2 protein chains.
Amino acid sequence: MTTDAATGGQPNLRADARRNRERVLEVAKRHFDLHGVSASLEEIAREAGVGAGTLYRHFPSREALVAATLHDRQAELLGLSQQVRQMPDADAALSRWLEALQTYLRTFNGLPDPVLAALKKEASPLSLSCETLGELTSEVLARAQREGSARNTVSANDLFLGAIAIAWVLNRAEACGTSAEKLNAIFAHGYQETERS
Amino acid sequence: MTTDAATGGQPNLRADARRNRERVLEVAKRHFDLHGVSASLEEIAREAGVGAGTLYRHFPSREALVAATLHDRQAELLGLSQQVRQMPDADAALSRWLEALQTYLRTFNGLPDPVLAALKKEASPLSLSCETLGELTSEVLARAQREGSARNTVSANDLFLGAIAIAWVLNRAEACGTSAEKLNAIFAHGYQETERS
DNA sequence: CTCAAAACGGAGACTATCTCCATTTGACTT
DNA sequence: AAGTCAAATGGAGATAGTCTCCGTTTTGAG
């Protein structure tokens, strides 16, 4: 079970293989953190002390590597989804969930890009997580709508895309005259005054 | 004056230089249209029948080339800003303006990226247009706020960043279960029901 | 200890960005 | 019409990144 996380679900990995996979993952995490998801894979391989071939055998695409480094974060998020489910206030639950979703999407600079790509590609290492996240959002939104605290015209997809969009702009515009709180508030309440229609 | 547009304001360009500049611009427009702002410059140069050196002398960076291809669009947008200024309904004016801003930002796939970068870099071929656009947004917003149709907590910067974010996600998620109208409606009115607070 | 399968790594084929400078071209001057 | 020289050219080459292929090394089961 513990080894499952280390091997990415692949069983019977040879000792040297497991070791290398681990080191690559470790270095990748640090580089993505520092330089965003488009950090140089070449560099990551070099610093991990493996050849390019080894990196690509373990992680056939950048997306696969990104997905693997996000493993823990995804687990956290899934855990939080349970808490959210049990919150008494559907409105607060929705806000909390969207906030967490955004924090996740901001794990690495540039993450929204491949996530969005995965959302429509259907066959990507990241799309599994995408589907799950979409479903969870759907569930939390549905409850809020049932209780009348979210508009019925809004879909889970809209919220998900909105979260991705805001995460994207925030990551790239940090301290550019706005904040996560402000943009999210606008997304929640609108920029228009509410005494209309 | 007419030549000014063709030369990008640079006077006294030699005939061959002007010709080449023109052809690069033409080809670039088509390629950005087709493959987004990250289209291959090498390819553009090749198809325009000039060497890489020539392309880079006329347009020192990708941003410069993008900015040049947007010349006409920017003029249109500026023209529209005049119309918006004269609309009687401040609320409608703001909506109209934000819509136009977004249409502009969606001219090429991936345009929001360099625009956002220009917004904070201060010295970019695109930043002039950014500043102007920021000021115009500020003006239109201020009027709407004076007339009580826009929240006072919202800043022009927030709206601008929001427009960029939505333009970004829409360009990359076309037909992904949402539409420009829906996302913009949420940004305008919020996803929450309004009978609260 | 043996040896087949598993894993490795790095050379090499691509593609792209951007610079440099020997050569060519255009537009004045006479 | 010829001469001149700054302006403009283009493409070779430096650099950097992605990804594949395959001869060599390592592991671990028998």
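Since the structure is predicted, the reported quantities are computational estimates derived from the model, not experimental observations. Per chain, numbering begins at 1; letters A, B, ... match sequence-line order.
- Although no hydrogens or angles enter the test, the distance criterion places a donor-acceptor pair under 3.5 Å between the side chain of A:Asp158 and the main chain of A:Ser155.
- Side chain to side chain, A:Trp97 and A:Thr137 meet the donor-acceptor criterion of an N or O pair below 3.5 Å.
- Taking only side-chain nitrogens and oxygens, B:Ser61 never comes nearer than 4.0 Å to OP1 or OP2 of C:dC18.
- On the nucleic acid side, DNA chain D contacts chain A at distances under 4.0 Å to non-hydrogen atoms, with the end points of that region at D:dG17 to D:dG28.
- Whole-Å rounding puts the B:Asn20 CG to C:dT25 P distance at 12 Å.
- Remark: P of C:dA27 and CG of B:Leu13 are 10 Å apart, rounded to the nearest angstrom.
- With rounding to whole Å, B:His31 atom NE2 is found 12 Å from C:dA16 atom P.
- When the P atom of C:dT17 is taken as reference, atom CG of B:Leu41 falls 5 Å away, rounded to whole Å.
- Judged by distance alone, with hydrogens and angles left aside, the side-chain atoms of A:Gln145 form a donor-acceptor pair with the main-chain N or O of A:Val154 at under 3.5 Å.
- Ranking C:dC8, C:dG26, C:dT17 by closeness to the A:Thr54 side chain, first place goes to C:dC8.
- The side chain of A:Ala17 lies closest to C:dA7, out of C:dT19, C:dT17, C:dA7.
- Distance CD (B:Glu42) to P (C:dC18): 12 Å, rounded to an integer number of Å.
- Per the geometry, CZ belonging to A:Arg21 stands 11 Å off P belonging to C:dC8, to the nearest Å.
- Comparing A:Ser38 and A:Arg57, the nucleotide of DNA chain D nearest to each residue sits closer to the 5' end for A:Ser38.
- Note on A:Ala15: only backbone sugar-phosphate atoms sit closer than 4.0 angstrom, heavy atoms only; bases stay farther off.
- Mapping B:Arg19 and A:Val50 onto DNA chain C by nearest heavy atom places A:Val50 closer to the 5' end of the strand.
- Residue A:Ile44 comes nearest to A:Val24 through the heavy atom pair CG2-O, 4.1 Å, listed as atom of the first residue, atom of the second, then distance.
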Determine, stepwise, if the pair B:Glu139 / B:Arg85 fulfils salt bridge (Lys or Arg N to Asp or Glu O under 4.0 Å). CA-CA 9 Å; B:Glu139 187 188 316; B:Arg85 230 189 281 260; 2.5 Å; yes
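- Counting any heavy atom pair closer than 4.0 Å across all strands shown, B:Arg62 reaches sugar-phosphate atoms only and no base atom.
- Rounded to an integer number of Å, the gap from CZ of A:Arg14 to P of C:dA6 is 9 Å.
- The OH atom of A:Tyr56 sits 18 Å away from the P atom of C:dG12 (whole-angstrom rounding).
- Look at A:His58 and you won't find any side-chain N or O under 4.0 angstrom from OP1 or OP2 of C:dA7.
- Side-chain atoms of A:His189 and B:Gln192 form a donor-acceptor pair, as typed in the model, at a separation below 3.5 Å.
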Using the salt bridge (Lys or Arg N to Asp or Glu O under 4.0 Å) rule, take B:Glu43 and B:Arg46 through it: C-alpha gap first, then chi angles, then the decisive distance, then the call. CA-CA 5 Å; B:Glu43 179 78 14; B:Arg46 211 169 47 64; 3.1 Å; yes
